[in-house]
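Hydrogens, waters and symmetry mates are skipped; everything else that's a heavy atom, side chains included, is used.
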Protein chains: 2
Amino acid sequence: MARRSTPERIVEAAVRLFAAKGFDATTVQEVVEAASVTKGALYHYFGSKDDLLFEIYRSLIGRQMADLDRIIAAGEDAATTVRRIIVSLVETTAESVDETAVFVREMHKLDAERMAAFRAERRRYHETFRAVVEKAQADGTFSARVPADTAVLIALGVVNQLPTWYRPDGPKPPSRLAAEIADFVLAGLRP
Amino acid sequence: MARRSTPERIVEAAVRLFAAKGFDATTVQEVVEAASVTKGALYHYFGSKDDLLFEIYRSLIGRQMADLDRIIAAGEDAATTVRRIIVSLVETTAESVDETAVFVREMHKLDAERMAAFRAERRRYHETFRAVVEKAQADGTFSARVPADTAVLIALGVVNQLPTWYRPDGPKPPSRLAAEIADFVLAGLRP
DNA sequence: CCTCAGGTACCGACCAGTCGGTATGTCCGC
DNA sequence: GCGGACATACCGACTGGTCGGTACCTGAGG
């Protein structure tokens with residue numbers, strides 16, 4: 001039998017198809033065929049096609065928030081913290097390009113309740129990141145040339161855009177890309 | 001009668017709806033109702049729902065390419081040129097948030113032929129922008145800390161991500177936002 | 001009276017989700 | 001150590017509704 005559990009296989013197939021064709025353009029039938037299960041099995045584990053989509057978001061956001069918390073808890077200086085946040089973000093994104101692509105494109109399809117939950121998480125991420133930049137700007141470690149919130153928006157914007165041009169088989173390994181992006185952002189914040 | 005021509009009204013309504021609900025989730029019926037026309041009128045002017053989508057891309061890309069060519073033709077120094085490219089991009093994007101949002105989210109739905117045409121245009125934009133940065137890096141005007149292509153990818157990434165967080169009624173006017181983003185990018189390129 | 005702009009009724013395809021079923025455990029009283 | 005009650009995991013034919021697109025109509029201007 002297959003190594004992965006049935007629900008895992010279903011989510012995997014769904015991510016691949018949603019990333020390639022979009023959520024609406026992918027039929028439940030295609031998902032079950034790609035996962036080698038039946039419709040019955042899918043609806044046994046997931047309440048609806050939307051639930052499947054939400055499951056993808058949940059796991060991605062969960063990983064990113066955990067990384068952020070870990071980095072903040074380490075309590076290093078601002079430049080190191082910012083570098084680590086960006087590197088971690090770029091690397092997770094690179095290894096989950098499909099998830100991120102689906103996420104960025106179809107996020108607005110969440111229903112009101114889930115959208116609220118998602119916004120709260122994103123807000124927390126954003127505020128935490130911004131606080132690091134603001135503190136460093138206040139004590140002169142970073143330049144205040146550009147407001148902290150714009151800097152954060154720029155950094156997060158780059159990462160979310162990554163799935164549109166990043167190719168796993170491209171010339172630059174994710175670690176190299178992560179370092180370059182971090183360098184650029186830090187250069188922008190340098191006094 | 002309405003001021004705008006029928007096809008213009010149709011495209012306008014389509015952009016608004018596609019941006020709000022997504023292309024697939026919007027029915028042709030909703031578009032014609034929002035535009036106060038009938039299905040017959042829509043199919044009189046557009047061959048298919050996809051044609052409508054393509055029309056949105058075409059006009060947006062056309063405007064951006066024209067702006068770029070105009071800026072390059074002015075032949076100013078690298079820093080001014082880069083600033084102008086970013087400002088022009090941010091401002092067009094801000095005044096066409098809906099178009100850009102649709103574009104970023106649904107671009108992958110283009111058929112092979114149109115996708116190829118689009119990629120060629122994007123490539124030209126990218127290469128033109130990169131050439132400016134590379135030249136300035138070669139003569140020492142810009143730092144070569146971060147490769148030119150990464151810098152360009154970052155700059156364009158920020159702009160494409162703009163529709164997800166930019167609000168026309170937000171505290172910062174587009175010109176201010178454009179200036180901040182340009183400042184940040186130029187700071188990242190400063191020797 | 002013919003063409004062009006627009007209107008309207010309708011069709012065929014498709015798709016998310018349902019539902020009645022089976023097969024395989026597993027726990028428990030006796 | 002066995003029968004029966006219940007649960008878990010899955011199957012796949014079917015349906016009710018939806019939607020893009022089409023065929024045909026109308027009315028006005030030249």
query: Please, which pairs that meet side chain to side chain donor-acceptor pair (under 3.5 Å) have at least one residue in residues 24-43 of chain B, sequence neighbours excluded?
result: K21(B)-E30(B), D24(B)-K109(B), Q29(B)-E33(B)

How many whole angstroms separate atom [atom1] of [X] from atom [atom2] of [N]?
X      : N       : atom1 : atom2 : value
E30(A) : dC14(C) : CD    : P     : 12 Å
E33(A) : dC15(C) : CD    : C1'   : 13 Å
Y43(B) : dC10(C) : OH    : C1'   : 14 Å

- request: Go through DNA chain D in 5' to 3' direction and return only the first and the last nucleotide with some atom under 4.0 Å of chain B's heavy atoms.
  value: dC19(D) to dT22(D)

query: Can you list every pair that meets ring-ring contact (aromatic ring centres under 6.0 Å, His included) and has a residue in residues 5-24 of chain B, with sequence neighbours left out?
result: F18(B)-F23(B)

field: Gap between atom CZ of R63(B) and atom CZ of R58(B) - 0.5 Å precision
entry: 11.0 Å

message: Going by side chain to side chain contact (heavy atoms under 4.5 Å, CB included), name the residues that satisfy it together with A34(B), two or more places apart in sequence or in a different chain.
response: A13(B), L17(B)

Please tell me if the side chains of [X] and [Y] come closer than 4.5 Å, counting only heavy atoms from C-beta onward.
X      : Y       : result
V82(A) : F142(A) : yes
T6(A)  : I10(A)  : yes
E55(A) : V15(A)  : no
I56(A) : L60(A)  : no
T93(A) : Q64(A)  : yes
V97(A) : L162(A) : no

task: Return the set of residues passing side chain to side chain donor-acceptor pair (under 3.5 Å) with D111(B) (not counting sequence neighbours), or none when no residue passes.
output: none

message: Which residues pass the side chain to side chain donor-acceptor pair (under 3.5 Å) test with R105(B), not counting sequence neighbours?
response: none

Tell me which residues in [range] put a heavy atom below 4.0 Å from DNA chain C, sorted by number, or none.
range                     : result
residues 47-56 of chain A : S48(A), K49(A)
residues 12-28 of chain B : none
residues 34-42 of chain B : V37(B), T38(B), K39(B), G40(B), A41(B)

Please list, one pair per line, the donor and acceptor atoms closer than 3.5 Å that link side chains of residues 177-191 of chain B to other protein atoms, with sequence neighbours excluded.
unit_1  : atom_1 : unit_2  : atom_2 : d
E180(B) : OE1    : T150(A) : OG1    : 2.5
E180(B) : OE1    : K172(B) : NZ     : 3.2
E180(B) : OE2    : R176(B) : NE     : 3.3
D183(B) : OD1    : R83(B)  : NH1    : 3.2
D183(B) : OD1    : R83(B)  : NH2    : 2.9

Name each donor-acceptor pair under 3.5 Å that joins a side chain in residues 125-138 of chain A to protein atoms two or more places apart or in another chain, with its distance.
unit_1  : atom_1 : unit_2  : atom_2 : d
T128(A) : OG1    : R124(A) : O      : 2.6
Q137(A) : NE2    : S143(A) : O      : 3.0
Q137(A) : NE2    : V146(A) : O      : 3.0

Sub-3.5 Å pairs of nitrogen or oxygen atoms, protein against nucleotides 2-5 of chain C:
unit_1 : atom_1 : unit_2 : atom_2 : d
dA5(C) : OP2    : H44(B) : NE2    : 3.0

query: Hey, do the aromatic rings of F118(A) and F103(A) have their centres closer than 6.0 Å?
result: yes

